[in-house]
2 protein chains.
Amino acid sequence: MPIKEAVRPGGRSARVQEAVHQAVRELQAVKSRDELTVPQVAEHAGVTPSTIYRRWGNLAELVADVSVERMRPDDDPVDTGTLAGDLQAWGEQYLEEMTSVPGQRALNDVMASADNGRRERCCRYSESLMATLRERALSRGEAAVPSLDRLVDGVVAPMTYRLLYDRESATAANLRRWIARALAVEDVD
Amino acid sequence: MPIKEAVRPGGRSARVQEAVHQAVRELQAVKSRDELTVPQVAEHAGVTPSTIYRRWGNLAELVADVSVERMRPDDDPVDTGTLAGDLQAWGEQYLEEMTSVPGQRALNDVMASADNGRRERCCRYSESLMATLRERALSRGEAAVPSLDRLVDGVVAPMTYRLLYDRESATAANLRRWIARALAVEDVD
DNA sequence: CTCATAAAGCAAATATTTTGCGTTTGTGTT
DNA sequence: AACACAAACGCAAAATATTTGCTTTATGAG
């Protein structure tokens, strides 16, 4: 067995997982979603198909697992000085990412997972980011900072909705409107 | 004719489609999602597997097709006399439907479809319903009727978001809040 | 270092999906 | 009403994918 590279960390499981994830990423760059098969991924990863089946169950779960990684925000959100600015900056980047071809595929793959937990995890990312921006605004002493729920309902939800069902409307201009509305507090609770 | 989404209206096709849909519904009542297989559905419907594969491609698309039907609102929305009331009445019923076990499965099945068109169609239902309620409010002469977009962003999007990612929050109480906010017009556009 | 355990490999057994080809059945035309 | 045409289906063989029982190997604990 030719070893591709020095395998330092973790156990064998970790190595296999990484090899398989890597194989999926590489193959996805070349093949369309429904040309991808488990045996193919297995071979490319230097692994037996049964390993993949036992560990992930099926292709849908595997690609979902890979895509959920891809969606984790890697760097800290930029600080523009105001909550509105921070939201807009983050949102625009997120929209751009998710309307791209690979972004859309990742979104689809995650949504196709039978495992609700996986989907939820993916969206916790956005929520915890909202919480971060909100804390930041509070510590800056901004007035009228909306509740977390209001940010989620007012900004994340419409964004997600449009990304999933109406890509045309997932634009920076609309984002600006969602943010403006969410920040117009005068609460009705 | 590049894309064929419409099945031949009258004849054998329609009969086969109905038989297959029916078979899926009956089997789904008894078996969990991943016990369901194409050959099984085919037999139960008195049809050859290849027919199903050629027509729907795979099991995921088939069950999505069935579920999307299930989600079409069957009866006209009740008229409570006010837009707020109509929204609340419709929303509560919708939430109840979609948080039920079969409702959640239908939702999952639709989301798992690789065919974006199918997902979109499913959400057009809610949008056109919003349009209906809105027209009704206008013809009643209600003041401050929000735009369609605002209704979608303010009510449908949060509802959908919570149904998909945070079932606990998909409650009638929250619905009331979403509606109240959406109706507090003072627009910022 | 040895042992127990969990995960992976291997290969045979199943199950599924795909495909070529002949037949049936609506649809539109004369 | 009869005809031609094409879409959709059935059938069955071939190709793939998935499952499963058993063996082997790595890892971590004692």
Side-chain angles (χ1 to χ4, degrees), chain A residues 1-24 26-28 30-66 69 109 112-115, chain B residues 1-24 27-28 30-66 69 109 112-115 118:
Chain A
M1 280 302 164
I3 295 166
K4 312 180 83 167
E5 51 188 321
V7 280
R8 297 300 315 290
R12 177 168 61 167
S13 293
R15 280 199 307 278
V16 167
Q17 154 141 349
E18 181 44 35
V20 171
H21 275 213
Q22 181 66 22
V24 169
E26 289 178 12
L27 288 176
Q28 268 186 335
V30 182
K31 311 177 87 75
S32 93
R33 167 56 208 274
D34 50 346
E35 293 170 336
L36 206 63
T37 70
V38 170
Q40 218 165 34
V41 173
E43 167 160 20
H44 197 278
V47 154
T48 310
S50 63
T51 293
I52 295 182
Y53 286 118
R54 282 206 244 254
R55 192 134 154 204
W56 283 276
N58 56 47
L59 186 61
E61 295 306 314
L62 171 56
V63 297
D65 197 41
V66 173
E69 297 293 293
D109 290 345
S113 172
D115 176 3
Chain B
M1 309 308 138
I3 299 175
K4 43 144 185 165
E5 183 66 25
V7 63
R8 273 184 168 182
R12 179 168 58 167
S13 292
R15 277 199 308 279
V16 167
Q17 154 142 347
E18 182 43 35
V20 171
H21 275 212
Q22 182 65 22
V24 169
L27 289 176
Q28 268 186 335
V30 182
K31 310 177 88 78
S32 95
R33 168 55 209 275
D34 49 346
E35 294 169 335
L36 205 63
T37 69
V38 170
Q40 219 165 32
V41 173
E43 167 158 20
H44 197 280
V47 153
T48 313
S50 62
T51 293
I52 294 183
Y53 286 117
R54 281 204 245 254
R55 192 133 154 209
W56 283 277
N58 57 47
L59 186 63
E61 295 307 313
L62 171 56
V63 296
D65 198 40
V66 173
E69 297 294 292
D109 289 346
S113 171
D115 176 0
R118 210 188 302 283

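Chain letters run A, B, ... following the sequence lines, proteins first and then strands; every chain starts at 1.
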Fill in: Side chain to side chain, A/Gln17 and A/His21, heavy atoms closer than 4.5 Å
yes

Practice prompt. Look at the side chain of B/Thr48 and the backbone N and O of B/Thr51, then say whether any donor-acceptor pair between them is shorter than 3.5 Å.
Written response: no

Fill in: Point-to-point distance, once rounded to the nearest 0.5 Å, from CG of A/Leu62 to CG of A/Leu36
8.0 Å

Worksheet entry | Global bending angle along the helix from C/dC1-D/dG30 to C/dT30-D/dA1, which compares the axes of five pairs at either end, to 10 degrees | 40°

Practice prompt. Carefully, step by step, assess A/Asp109 and A/Arg33 under the rule side-chain contact (heavy atoms from CB on, under 4.5 Å).
Written response: CA-CA 9 Å; A/Asp109 290 345; A/Arg33 167 56 208 274; 3.3 Å; yes

Response to the item:
Considering only heavy side-chain atoms of A/Ser13, the closest of C/dC10, D/dA26, C/dA7 is C/dA7

Worksheet item: Does A/Thr51 place a side-chain N or O at less than 4.0 Å from the phosphate oxygens OP1/OP2 of C/dG9?
Response: yes

Table of protein N/O atoms under 3.5 Å from nucleotides 23-25 of chain D N/O atoms:
| unit_1 | atom_1 | unit_2 | atom_2 | d |
| --- | --- | --- | --- | --- |
| D/dT25 | O2 | A/Arg12 | NH2 | 3.1 |

Worksheet item: Tell me, do B/Val63 and B/Val24 make a side-chain contact under 4.5 Å, heavy atoms counted?
Response: yes

Item to complete: Test side-chain contact (heavy atoms from CB on, under 4.5 Å) on A/Glu18 and A/Arg15 and set out the steps.
Response: CA-CA 5 Å; A/Glu18 181 44 35; A/Arg15 280 199 307 278; 5.9 Å; no

Practice prompt. Inspect the surroundings of CD in A/Glu69 and state if more than 12 heavy atoms from other residues, nucleotides or ligands are less than 6.0 Å away.
Written response: yes

Worksheet item: Atom CH2 of A/Trp56 and atom P of D/dT19: how far apart are they, to the nearest Å?
Response: 15 Å

Item to complete: Would you mind building the protein contact string for nucleotides 15-21 of chain C? One character per nucleotide, 5' to 3', B for base within reach (heavy atoms under 4.0 Å), S for sugar-phosphate only, - for untouched.
Response: -SSBBBB

Worksheet item: In Å and rounded to the nearest 0.5 Å, what is the CZ to OG distance from A/Arg55 to A/Ser13?
Response: 5.0 Å

Practice prompt. Hey, could you give me the CD/CG distance between B/Glu61 and B/Leu59, rounded to the nearest 0.5 Å?
Written response: 10.0 Å

Discussion item. Whole angstroms only, please: what is the CZ-P distance between A/Arg55 and D/dT19?
Written reply: 17 Å

Item to complete: Check step by step if side-chain contact (heavy atoms from CB on, under 4.5 Å) holds for B/Val41 and B/Val20.
Response: CA-CA 7 Å; B/Val41 173; B/Val20 171; 4.1 Å; yes

